[in-house]
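Since the structure is predicted, the reported quantities are computational estimates derived from the model, not experimental observations. Protein chains get the first letters and strands the later ones, always in sequence-line order, with residue 1 at the start of each. Just so it is clear, the values below take in all heavy atoms, side chains as well, and ignore hydrogens, waters and symmetry mates.
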Amino acid sequence: MKVLIAIAWPYVNGDLHVGHLAGYLLPADIFARFQRLLGRDVLMVSGSDCYGTPITVQADKERVTPSEIVEKYHKLDLALFRQYALSYNLYTKTATANHKEIAQELFLELLKNGVIKKGVMQQYYSVEDKKFFPDRYVEGMCPHCKAKDQRSDQCEACGRWLEDGELINPASKLTGSKVVLKDTEHYFLSFKSVGKELEEFVTARKDEWKKWVWAETQGWLKEGLRDRAITRDLDWGIDLPIEEIKKFPKEKQLEDFEGKKIYVWLEAVMGYLSGAIEWSRRVSGDIKDDISEVIFNKYEKQSRSWRDFWLNKKAEHYYFMGQDNLVFHTLLWPAMLIGSKRGYTLPKNVVVNKFMNYEGKKFSKSRNWTIDSKKIAEIYGVDPVRYYMASNLPENKEANFTWDSFISSVNNELVGNLGNFIHRVLTFVEKNFRSEVPEGELSNEVRFEIRDTLSDSGELIQKVRLVEGLSRIMKFVAFANRYFDKEAVWKVVKDDRKKAGEILYNCLQIIQALSVLLYPYMPDSSIRLANMLQIPEAKVETGKNNWRYREIKPGHKIGKIEVIYKKLDPEEVEANKSKLGTKVS
RNA sequence: CGCGGGGUGGAGCAGUGGUAGCUCGCUAGGCUCAUAACCUGGAGGUCAUCGGUUCGAAUCCGAUCCCCGCAACCA
């Protein structure tokens with residue numbers, strides 16, 4: 001089966017903190033790894049979102065060009081994703097020739113099909129500078145509380161919302177010149193022609209999507225979708241394909257194309273398609289350049305063609321994003337796919353997560369209330385961080401990163417339960433059985449537990465209930481510890497060596513199962529377990545189900561024992577906070 | 001009345017009419033191969049507030065308070 005894992009494209013303005021990872025990046029990776037172990041042909045694509053005002057704002061702040069911002073942060077993001085072992089098949093960016101080509105082409109198709117229409121709206125215009133300014137770049141006085149330097153949408157001083165044109169003495173933040181609201185022509189995405197199909201699409205996803213995601217999407221539909229502007233007056237963005245548009249009938253053309261770009265939200269979601277195409281082109285050697293600028297992976301026996309993923313009714317598409325992206329993925333992108341009339345595969349599940357907060361407050365770099373994702377993994381290890389996030393994903397409500405729970409999670413669950421079980425079994429085998437797997441066979445109790453854990457947790461992960469999936473696996477670890485205690489192998493070994501051997505044989509099989517079960521959540525631990533046991537790593541083989549237990553044969557020699565997880569000292573953790581970007585009072 | 005979600009022991013949550021539960025934490029004791037797991041017992045909740053329906057309400061109805069997300073040119 002073909003599975004497309006489409007992950008929201010993060011803005012490259014240097015903001016990827018722990019909340020981004022826990023919100024959508026890590027969940028997508030866990031899900032993708034699981035799908036691959038099942039033997040499915042998985043294409044996991046995403047990339048840096050290079051256009052839009054957040055990029056130009058950051059560029060202004062750092063006094064460099066937008067493309068320098070893109071280059072700088074794209075590299076940092078790539079390094080971060082490699083560090084966290086996010087298993088993208090392709091992580092690219094929207095500032096590629098390929099993306100521009102696909103985005104423009106899809107734009108034209110939508111224009112041809114009448115899904116894109118032209119219309120008039122009002123924007124702030126500076127006569128002096130002879131250009132329009134985005135709202136982000138306009139400031140003035142609040143008409144209610146008279147506070148100065150307020151944005152035109154909402155006054156931060158009194159919290160009131162402003163209507164268009166209410167702002168007093170609006171001026172450009174960049175040049176200081178006066179601006180006035182002026183009519184300007186733009187293209188709009190219109191839902192009229194796709195509305196019925198769109199509603200059918202949503203209705204059919206009722207059982208698939210999370211309840212609140214579905215309910216919220218219904219809320220949008222109930223309210224009625226308004227046409228949305230999809231062009232902007234900007235310097236930084238993807239050009240309208242003007243030459244091509246000029247071949248269209250007059251009524252589809254704007255009077256003035258000057259300075260108009262495709263609005264970032266429209267072309268960014270097209271990245272799911274263009275990314276798949278780029279991957280395909282790279283696999284077949286059509287694109288060879290800048291391999292250092294991307295994460296690029298291909299598994300054996302994977303299909304080379306993007307068409308198998310995008311023009312295939314049986315392909316399953318899963319999208320991962322934060323809640324701020326909901327409507328773009330449950331409605332707007334599907335509307336475009338439907339409107340293209342090309343038979344592109346529609347989303348199966350749109351996995352929307354809430355946000356992860358930090359000790360009860362929003363992450364905020366400017367307020368020194370953040371955790372540097374790179375450093376936290378350097379200090380505490382990638383897997384402990386992945387584990388903690390995975391057990392606290394904001395799947396249905398906001399989650400919280402707290403140091404207390406991080407410490408107890410690592411010390412009690414990873415070290416005390418998981419690490420301890422592995423360690424006590426392996427040291428026992430080393431001391432009493434010269435590191436050889438003793439003779440034995442699986443007891444029914446253990447066999448059923450392994451079987452049930454694989455199927456239960458697998459089912460939960462398939463439903464993208466990742467927190468529960470992990471907790472089911474940890475229940476298995478608790479079972480393992482209980483089993484070891486109940487059988488009291490340290491007593492039995494004194495007068496019944498054969499029986500002790502059988503118990504340990506069972507324990508070692510449990511560890512083998514764990515090396516598979518942990519692969520989606522903690523890939524590095526999975527590999528280290530396999531290395532310790534000197535057994536093959538959990539392996540991705542397209543077309544073959546490796547989400548299963550494999551016997552370690554009696555007589556097999558296990559390798560050197562290492563401590564996988566280390567206990568955290570609360571005092572050291574406290575001392576490290578400031579290194580991670582957190583203001584310590 | 002813009003849309004949507006939420007308020008249950010210290011923390012995270014389950015519980016949609018019938019004696020208030022789970023996991024973690026805390027605590028006393030036992031056991032001890034181990035990075036201290038496991039076993040037995042214990043403490044801890046006026047289920048946001050007020051009112052109503054009912055023999056009976058965490059659960060249904062009404063009102064109120066509080067928290068969060070989305071929307072309005074901010075993916």
Side-chain angles (χ1 to χ4, degrees), chain A residues 8-11 49 52-54 57 121-124 132-136 138 151-154 161-164 186 210-224 226 228-230 232-233 263-266 268-269 321-329 332-333 352 354-355 357 360 362 391-392 394 396-400 402 404-405 408-429 431-432 467-468 471 474-475 477-494 500 503-504 507 561 563-567:
Chain A
W9 294 46
Y11 273 132
D49 187 355
T53 45
V57 165
M121 66 188 300
Q122 289 200 315
Q123 288 227 270
Y124 284 107
F132 287 95
F133 285 100
D135 266 18
R136 265 316 255 275
V138 172
R151 298 219 306 256
S152 61
D153 50 353
Q154 183 180 12
W161 291 318
L162 311 187
E163 298 292 326
D164 272 354
H186 277 286
K210 292 178 196 176
K211 271 187 193 154
W212 67 271
V213 171
W214 196 83
E216 193 147 324
T217 304
Q218 281 297 331
W220 279 84
L221 282 173
K222 208 172 69 190
E223 246 183 285
R226 277 175 296 167
R228 276 197 174 230
I230 56 160
R232 280 298 78 170
D233 295 293
Y263 199 177
V264 61
W265 72 259
L266 187 91
V269 290
M321 76 220 64
Q323 59 190 350
D324 48 347
N325 268 320
L326 184 142
V327 69
F328 295 95
H329 294 80
L332 305 195
W333 177 229
V352 187
K354 305 256 177 177
F355 291 135
N357 291 328
K362 273 194 163 52
S391 56
N392 283 293
N396 290 304
K397 53 171 65 179
E398 297 205 341
N400 240 314
T402 69
D404 280 350
S405 65
S408 76
S409 195
V410 171
N411 288 355
N412 301 333
E413 292 163 36
L414 279 187
V415 177
N417 292 339
L418 177 59
N420 181 50
F421 176 74
I422 293 160
H423 195 251
R424 72 202 294 206
V425 168
L426 296 186
T427 50
F428 206 96
V429 171
K431 280 181 196 158
N432 297 283
V467 175
E468 289 172 273
S471 113
M474 291 312 282
K475 232 173 108 184
V477 175
F479 160 83
N481 272 313
R482 241 182 292 124
Y483 174 78
F484 194 97
D485 282 307
K486 193 187 66 179
E487 298 295 336
V489 69
W490 59 93
K491 274 186 200 157
V492 174
V493 74
K494 285 174 188 161
I503 297 164
L504 288 164
C507 290
I561 300 166
V563 170
I564 307 186
Y565 311 108
K566 294 208 176 74
K567 268 208 162 182

Shortest non-hydrogen separation from A:Trp212 to A:Asn396 and the atoms involved: NE1-OD1, 3.2 Å

Sugar-phosphate, base or nothing in reach of A:Gln123, heavy atoms under 4.0 Å: base

Between B:U35, B:G69, B:C33, which one does the side chain of A:Val415 approach most closely? B:U35

Value in whole Å for how far the C1' atom of B:C74 lies from CG of A:Leu326: 16 Å

Out of B:C13, B:A34, B:C68, minimum distance to the side chain of A:Arg424 belongs to B:A34

Counting any heavy atom closer than 4.0 Å, what does A:Val264 reach on the DNA or RNA strands: base, sugar-phosphate only, or nothing? base

Would you say a side-chain N or O of A:Arg228 is under 4.0 Å from OP1 or OP2 of B:A71? no

Answer yes or no as to whether B:C33 has its base stacked against A:Trp490, where stacking requires a ring-centre separation under 5.5 angstrom and planes under 30 degrees apart. yes

Output the rounded distance in Å from CD (A:Gln323) to P (B:C74). 16 Å

Is any side-chain nitrogen or oxygen of A:Lys354 closer than 4.0 Å to OP1 or OP2 of B:G4? no

ring-ring contact (aromatic ring centres under 6.0 Å, His included) filter on A:Phe328, not counting sequence neighbours, yields A:Trp265

What's A:Lys222 touching, base or sugar-phosphate or nothing? Going by heavy atoms closer than 4.0 Å. sugar-phosphate

Sugar-phosphate only, base, or nothing, as touched by A:Ile564 at under 4.0 Å among non-hydrogen atoms: base

Shortest side-chain distance from A:Glu216, nucleotide among B:U35, B:G4, B:C33: B:G4

Minimum-distance nucleotide (side-chain atoms of A:His423 versus B:C33, B:A34, B:G69): B:A34

Roughly how many Å is it from CG in A:Leu414 to P in B:A37, rounded to a whole number? 13 Å

Between B:C38, B:C74, B:U35, which nucleotide has the shortest distance from any of its atoms to the side chain of A:Tyr263? B:C74

Please report the distance, rounded to the nearest Å, between CZ in A:Phe328 and P in B:C73. 12 Å

State which of B:A37, B:C70, B:C3 makes the closest approach to the side chain of A:Trp220. B:C70

Strand partner of B:C22, provided both Watson-Crick or wobble distances fall under 3.5 Å: B:G12

Does the base of B:A34 carry an N or O that pairs as donor and acceptor with the side chain of A:Asn420 under 3.5 Å? yes

Could you list all the salt bridge (charged side-chain N to carboxylate O under 4.0 Å, His left out) pairs where at least one residue sits in residues 420-429 of chain A, not counting sequence neighbours? A:Arg424-A:Asp485

Classify A:Val563 by what it touches in the nucleic acid, base, sugar-phosphate, or nothing, heavy-atom distance under 4.0 Å. base

Verify the contact: side-chain N or O of A:Asn432 to OP1 or OP2 of B:C33, cut-off strictly under 4.0 Å; return yes or no. no

Can you say whether a donor on the side chain of A:Asp485 sits under 3.5 Å from an acceptor on the base of B:C33, or the other way round? yes

Can you tell which of B:C33, B:A37, B:C73 lies closest to the side chain of A:Arg232? B:C73

Let's see if you can work this out: which of B:A71, B:A34, B:G25 has an atom nearest to the side-chain heavy atoms of A:Arg226? B:A71

Whether over 12 other heavy atoms sit under 6.0 Å from A:Lys566 NZ: no

If the cut-off is 4.0 Å, is A:Tyr565 near the phosphate of B:A34, judged by side-chain N/O to OP1 or OP2? no

